[in-house]
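What follows is one structure encoded as structure tokens, with my remarks underneath.
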Amino acid sequence: MPELPEVETVRRYLDTKLPGDRITAVTVDLPRLIKNRTEDAFRRTLTDRVFRAADRKGKYLILRLDGPESLMVHLRMTGRLVFQEDESLPDPPYTRIRFSLERGKLTYGDVRTLGDLWIIPSEGKTGISRYDTLGPDAIGDAFTPDYLYRKLKGTSRAVKAVILDQTVVAGVGNIYADEALFLAGIRPSRHADRVTKAESAKLCEAIRSVMLGSIEAGGTTFRDFLDGAGHEGGNVENLRVYGRDGEPCTVCGTEIQLTKIAGRGTRYCPKCQK
DNA sequence: TGGGCTGTTGCAAG
DNA sequence: ACTTGCAACAGCCC
């Protein structure tokens with residue numbers, strides 16, 4: 001499921017619902033999802049805390065609380081955070097952790113159970129190295145054409161592998177990597193150091209625009225994604241190459257190809273992308 | 001039926 | 001030091 005636009009879609013919804021609400025109880029069905037606390041410590045830390053805000057960097061969601069510690073979540077492939085105002089409603093499918101609130105409930109569901117939840121300090125570094133070493137957020141001001149060009153220049157790895165690297169830019173996953181490279185007219189297998197400065201600028205802008213367009217549409221539900229209200233996103237309509245292998249390119253009619261780059265299924269138009 | 005695929009990333013091995 | 005490949009897991013599709 002979730003790359004930056006999906007996590008942002010969830011964040012925006014939760015940020016309208018959670019602040020001011022208090023956690024009254026925490027139920028953990030699958031303790032191994034909690035990475036840096038025991039189940040008991042996790043429950044004790046969160047119970048009676050009040051939500052302040054929902055923040056995001058890259059694909060990480062941070063639910064800020066009134067105490068010295070807050071909750072950080074990575075949805076990995078199939079994680080879902082769903083808020084329901086009516087606590088008596090049945091839990092959504094595959095619920096693994098449930099937060100009972102004074103005004104409803106928040107559930108963490110996860111089909112493949114690959115997600116991560118951490119307790120982090122409310123201020124300063126999280127101490128979670130993968131978070132603390134993230135590159136600039138893909139839709140933030142620090143992700144600029146010059147920055148991307150400098151990062152691409154330093155390596156001969158495939159350009160797709162570089163933009164998937166979360167220490168280079170935070171939030172790009174497999175779907176939006178393919179989409180952005182299509183928009184920028186760059187073959188995913190191209191060596192990064194062979195991408196020109198003008199193409200880097202195009203790619204930077206393409207990453208930003210596919211992300212913002214998807215947020216606008218409520219995220220991409222290709223298979224598992226549900227937003228914070230439990231609804232599917234509408235961005236599949238906008239995808240130009242992802243999931244379209246074997247279909248004609250929307251620009252030139254050439255058949256979209258499927259290959260493997262950096263170990264990931266990769267779709268591209270052999271005519272539009274050089 | 002069974003094998004291969006899936007939106008992420010930590011870790012081991014090359 | 002850098003890069004690749006697999007494992008973690010469960011479900012879906014052919």
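Chain letters run A, B, ... following the sequence lines, proteins first, then strands; residues in each count from 1.
- Between A/F222 and A/Y242, the ring planes lie perpendicular to each other; the angle is over 60°, past the 30° to 60° tilted range.
- A/I163 and A/V169 make their closest contact through O-CG1, 3.6 Å (heavy atoms, listed as atom of the first residue, atom of the second, distance).
- Ranking B/dT9, C/dG11, B/dT8 by closeness to the A/Q166 side chain, first place goes to B/dT9.
- Nucleic acid contact class of A/Y176 (heavy atoms, under 4.0 Å, all strands): none.
- Look at CZ on A/R32: it is 11 Å from P on C/dA8, rounded to the nearest Å.
- Look at A/R76 and A/D116 and you find a salt bridge, because one of the NZ, NE, NH1 or NH2 atoms lies within 4.0 Å of a carboxylate O, short of that distance.
- A close approach under 4.0 Å does not occur between any side-chain nitrogen or oxygen of A/H74 and OP1 or OP2 of B/dT8.
- With rounding to whole Å, A/R264 atom CZ is found 12 Å from B/dC5 atom C1'.
- Rounded to a whole angstrom, the distance from the C1' atom of C/dC6 to that of B/dG4 is 15 Å.
- Looking at the side chain of A/R267, the nearest of the listed nucleotides C/dC9, C/dA10, B/dT6 is B/dT6.
- Between A/K105 and A/E87 there is no salt bridge, since no side-chain nitrogen of the basic residue lies less than 4.0 Å from a carboxylate oxygen of the acidic one.
- The side chain of A/R112 has C/dA10 as its nearest neighbour among C/dA10, B/dT9, C/dT3.
- With P as the reference atom, B/dC5 and C/dG5 are 14 Å apart, rounded to whole Å.
- Among the heavy atoms of the strands, none lies under 4.0 Å from A/G263.
- Residue A/Y242 has its side chain nearest to B/dT6 when only C/dT3, B/dT8, B/dT6 are considered.
- What separates CZ of A/R76 from P of C/dC9 is a distance of 12 Å, to the nearest Å.
- In terms of modelled atom types and a separation under 3.5 Å, the side chain of A/S70 and the main chain of A/L65 share a donor-acceptor contact.
- If you measure from atom CZ of A/F225 to atom C1' of B/dT6, you get 17 Å, rounded to the nearest angstrom.
- Comparing C/dA8, C/dA10, B/dT9 against the side chain of A/T113 picks out C/dA10 as the nearest.
- Taking 4.0 angstrom as the limit, A/T78 places none of its side-chain polar atoms (N or O) nearer than this to OP1 or OP2 of B/dT6.
- Rounded to an integer number of Å, the gap from OH of A/Y60 to P of B/dT8 is 12 Å.
- Out of B/dT6, B/dT8, C/dC9, the shortest distance to the side chain of A/K59 is found at B/dT8.
- Of all nucleotides listed (C/dG11, B/dT8, C/dA8), B/dT8 comes nearest to the side chain of A/N174.
- The two residues A/V236 and A/T221 come nearest to each other via the heavy atoms CG2-O, 3.0 Å.
- Separation of the P atoms belonging to B/dT1 and C/dC9 is 24 Å when rounded to the nearest angstrom.
- As a whole-Å value, the separation of A/D245 CG from B/dG4 C1' is 15 Å.
- Of all nucleotides present, only C/dT3 satisfies the Watson-Crick or G-U wobble test against B/dA13, with each distance under 3.5 Å.
- Among the heavy atoms of the strands, none lies under 4.0 Å from A/R96.
- Following rounding to the nearest Å, A/M77 (CE) and B/dT9 (P) show an atom-to-atom distance of 10 Å.
- A/D110 has its CG atom 10 Å from the P atom of C/dA10, to the nearest Å.
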